[in-house]
Asks: 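Okay, here's the structure, questions in a sec.
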Amino acid sequence: MHMFTIIKKDRNSKARLGVLKTAHGIVKTPSYVIVGTYGQIRYLSPSDIKKTKTQLIIANTFHLWKVANKKPLKFGKISTMTDSGGFQVLSLAFSDKNKAGKFMTGTPDANTKLKRDKIKITSNGVYFAFNGKRLFLGPELSMKIQEKIGADIVFAFDHITSPLDTYAYNKKALELTDKWAKICLKHKGKNQALFGIVQGGLFKDLRIKSAKSIGTMTFDGFGIGGSYTKKQIAKVLKWIIPHLPEEKPRHLLGVGKIEDIFEAVENGIDTFDCVIPTREARHGRLYTKKGTIDIRRGYFSKDKKVIEPSCGCPTCSKKISRSQISALLKNPIRKQNTKGQRLCLMHNMWFFNNLLEKIRKSIAKNRFIEFKKKTLTNFLSQY
RNA sequence: GCGGGCGUAGAUCAAUUGGUUAGAUCGCAUCCCUGUCACGGAUGAGGUUGCGGGUUCGAGUCCCGUCGCCCGCG
């Protein structure tokens, strides 16, 4: 499947400009991928989404399978991806509500042993519990479900690890990921691009081994999983990227803070997805050039300015003020009236997509590194 | 003027027959959210219980006075 074309490579970094063609449209890369786990962006209508410069949306196999009954994805001209469900298997194993991210942070420590006692991993897949039910998901089933959901790009069912996992555990996980990758290739859906996933934790030799192994399989592109902080991302990408085929697209899974985006692009990543723009929008954290604001703060209830004057998003261009958004978001009946979340979502999504557009322009002019410095200096200056 | 009621965090209200460092919710503040079990989470700052006396080992709680607000009757 010849879906990806590189248009230009940055002179001063590994950043590259590309075009990803799918049945639904054309994706200019580097591109942010907006997360719509359940096959929709909560609180946004299709026409709302169109106004946010969104090119790609990623949904989740696990959620669509158990909750939405494999409903096919419908996003018009926006291209789609589905994640394999491999991540859920890990997060469900730790299951602390709102603390799922915790298993990702921290440094490897001989005294820390992660207990995956809520799941059972076999060579065929993973047994796990969800809402009191015992379930199984493996590479074959994941591929079948993903074919029914029908995204343009699907991911192989992999075994993600945590930075807290040992070398030995990562090595085993890697063997499973490789084995499952081959199974996924055999069950690849028609008219779908399949991306294999590189794992290996924070261990150089394992990462290189994984990149070489997955990189030589007949995948249409590659995902990189299991790196979670800015420093880890840069380090891991520098190990992996030289061993992946140049001409195929590379997706960094689950990454997307502002600082991380630049690290990823600089090191040769084409796409990456993250819940941050959408989740934080729903929680009232809004992005501006000078940093973020929490619109729920009392201060903003009297602030008649727009979120960001120079912003071209649907919310700011309609001159909707911070105080209006604040009032909507803090309204006790917001569970019925979700207009506030909608306005915040459109702003953040536009902000991230627009930032990527600027990044693409900077690469075209060989000015990516300068643009990175300027943008981060402004963004981290805060108010 | 007479009778009755009520005054407890910024707001709305709790506090067993008077009994330890007066609670809750919202609000406020700070921090957080990285392949979404996530319209969320964590922490924290705010009260000489209107004011002044009294009874008591001990008063937000009982008594007296005073101020303010509400209701009824004149």
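Values reported hereafter were calculated over all heavy atoms of this structure, with side chains retained and with hydrogens, waters and symmetry mates removed. Within every chain, numbering begins at 1; the chains are lettered A, B, ... in the order of the sequence lines, protein sequences first and strands thereafter. A quick note: this is a predicted structure, and the numbers were derived from the prediction, not measured.
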Asks: Distance between the P atoms of B/G74 and B/U48, in whole angstroms?
Replies: 43 Å
Asks: Taking CD1 from A/I293 and P from B/C33, how many angstroms apart are they, rounded to a whole number?
Replies: 17 Å
Asks: When you compare B/G60 with B/G19, how far apart are their P atoms, in angstrom units rounded to a whole number?
Replies: 10 Å
Asks: Between A/Y169 and A/H159, is the ring centroid distance below 6.0 Å?
Replies: yes
Asks: Whom does B/C57 pair with, Watson-Crick or G-U wobble, provided both distances fall under 3.5 Å?
Replies: B/G19
Asks: Indicate, with a heavy-atom threshold strictly under 4.0 Å, whether A/F157 touches base, sugar-phosphate, or nothing.
Replies: nothing
Asks: A/E308 side chain to A/F351 main-chain N or O, any donor-acceptor pair under 3.5 Å?
Replies: no
Asks: Does A/Y167 OH have over 12 foreign heavy atoms under 6.0 Å away?
Replies: yes
Asks: Per the atom types in the model, does the base of B/G35 pair as donor or acceptor with the side chain of A/Q146 at under 3.5 Å?
Replies: no
Asks: Roughly how many Å apart are B/G47 and B/G7, using the C1' atom of each and rounding to a whole number?
Replies: 14 Å
Asks: Return yes if some donor-acceptor pair links the side-chain N/O of A/R296 with the main-chain N/O of A/H283 below 3.5 Å, else return no.
Replies: yes
Asks: At less than 4.0 Å, is any side-chain N or O atom of A/Y38 found next to OP1 or OP2 of B/C39? Yes or no.
Replies: no
Asks: Decide, for B/G46, between syn and anti: a glycosidic angle within 90° of 0 counts as syn, anything else as anti.
Replies: syn
Asks: Nearest-Å distance, CG (A/N348) to C1' (B/U36)?
Replies: 15 Å
Asks: Any N or O donor-acceptor pair linking the side chain of A/D158 to the base of B/G35 at under 3.5 Å?
Replies: yes
Asks: Please measure how far the C1' atom in B/U55 lies from the corresponding atom in B/C64, and state the result in whole Å.
Replies: 11 Å
Asks: When you get a sec, tell me which of B/C37, B/C33, B/C39 is the closest nucleotide to the side chain of A/R279?
Replies: B/C33
Asks: Just checking A/I197: base, sugar-phosphate only, or nothing, at a heavy-atom cut-off of under 4.0 Å?
Replies: base
Asks: Distance check needed: B/G35 P versus A/I149 CD1, whole Å only.
Replies: 18 Å
Asks: Using atom C1' in both nucleotides, what's the gap between B/U8 and B/A29 to the nearest angstrom?
Replies: 23 Å
Asks: When all nucleic acid strands are considered with a 4.0 Å heavy-atom cut-off, which category describes A/H251: base, sugar-phosphate, or nothing?
Replies: nothing
Asks: Is there a Watson-Crick or G-U wobble partner for B/A42 with both distances under 3.5 Å, and if so, which one is it?
Replies: B/U30
Asks: Is the backbone N or O of A/Y299 less than 3.5 Å from a side-chain atom of A/R322, with the two atoms forming a donor-acceptor pair by type?
Replies: no
Asks: Out of B/U34, B/C28, B/G35, which has the shortest distance to the side chain of A/C274?
Replies: B/U34
Asks: Could you tell me how far apart A/L345 (CG) and B/U36 (P) are, to the nearest whole angstrom?
Replies: 16 Å
Asks: Roughly, in whole Å, what's the span from CZ in A/F87 to P in B/U34?
Replies: 8 Å
Asks: When the C1' atoms of B/C67 and B/A24 are compared, how many Å lie between them, rounded to an integer?
Replies: 30 Å
Asks: Hey, does A/R296 reach any base, or is it just sugar-phosphate, or nothing, if we go heavy atoms under 4.0 Å?
Replies: base
Asks: Counting side-chain heavy atoms from CB outward, which of B/G27, B/U36, B/C39 is closest to A/T37?
Replies: B/U36
Asks: Test A/Y32 against every option in A/T54, A/N354, A/N353 by the side-chain contact (heavy atoms from CB on, under 4.5 Å) rule and name the one that passes.
Replies: A/N353
Asks: May I have the distance from A/D260 (atom CG) to B/G35 (atom P), rounded to whole angstrom?
Replies: 11 Å
Asks: Distance check: side-chain N/O of A/Q88 vs OP1/OP2 of B/G35, anything under 4.0 Å?
Replies: no
Asks: Rounding to a whole Å, what distance do you find between A/Q40:CD and B/C39:C1'?
Replies: 13 Å
Asks: With both distances under 3.5 Å as the test, what is the Watson-Crick or G-U wobble partner of B/C6?
Replies: B/G68
Asks: Within the pair A/R285 and B/C33, is there a side-chain N or O less than 4.0 Å away from OP1 or OP2?
Replies: yes
Asks: Taking the six-membered ring for Trp, are A/F155 and A/F195 closer than 6.0 Å centroid to centroid?
Replies: yes
Asks: Check whether the side chains of A/Q55 and A/S31 place a donor and an acceptor atom closer than 3.5 Å, and report yes or no.
Replies: yes
Asks: Of the candidate nucleotides B/C37, B/C31, B/C39, which contains the atom at the shortest distance from the side chain of A/F130?
Replies: B/C37
Asks: Strictly below 4.0 Å: does A/R297 bring a side-chain N or O up to OP1 or OP2 of B/U30?
Replies: yes
Asks: I'd like to know if the side chain of A/N378 and the backbone of A/T375 have a donor-acceptor N/O pair within less than 3.5 Å.
Replies: no
Asks: With sugar-phosphate meaning primed atoms plus P, OP1 and OP2, does A/G298 contact a base, only sugar-phosphate, or nothing at under 4.0 Å between heavy atoms?
Replies: sugar-phosphate
Asks: Has A/K66 got a side-chain N or O lying under 4.0 Å from the OP1 or OP2 atom of B/C37?
Replies: no
Asks: What's the gap between B/G50 and B/U56 when it is taken at their C1' atoms, as a whole Å value?
Replies: 23 Å
Asks: Can you find a donor-acceptor pair, distance only, under 3.5 Å between A/R282 side chain and B/U36 base?
Replies: yes
Asks: Given atom CD1 of A/I276 and atom P of B/G40, what is their separation to the nearest angstrom?
Replies: 18 Å
Asks: Provide the distance between the two P atoms, one in B/G65 and one in B/A22, to the nearest whole Å.
Replies: 30 Å
Asks: Over all strands shown, is A/E259 touching base, sugar-phosphate only, or nothing at heavy-atom distances under 4.0 angstrom?
Replies: nothing
Asks: If B/G1 has a Watson-Crick or G-U wobble mate with both distances under 3.5 Å, name it; if not, just say none.
Replies: B/C73
Asks: Is any side-chain nitrogen or oxygen of A/N60 closer than 4.0 Å to OP1 or OP2 of B/G35?
Replies: no
Asks: Tell me if the side-chain of A/T229 makes a donor-acceptor pair with the base of B/U34, cut-off 3.5 Å, by modelled atom types.
Replies: no
Asks: Closest to the A/K330 side chain: B/C33, B/G35, B/C28?
Replies: B/C28
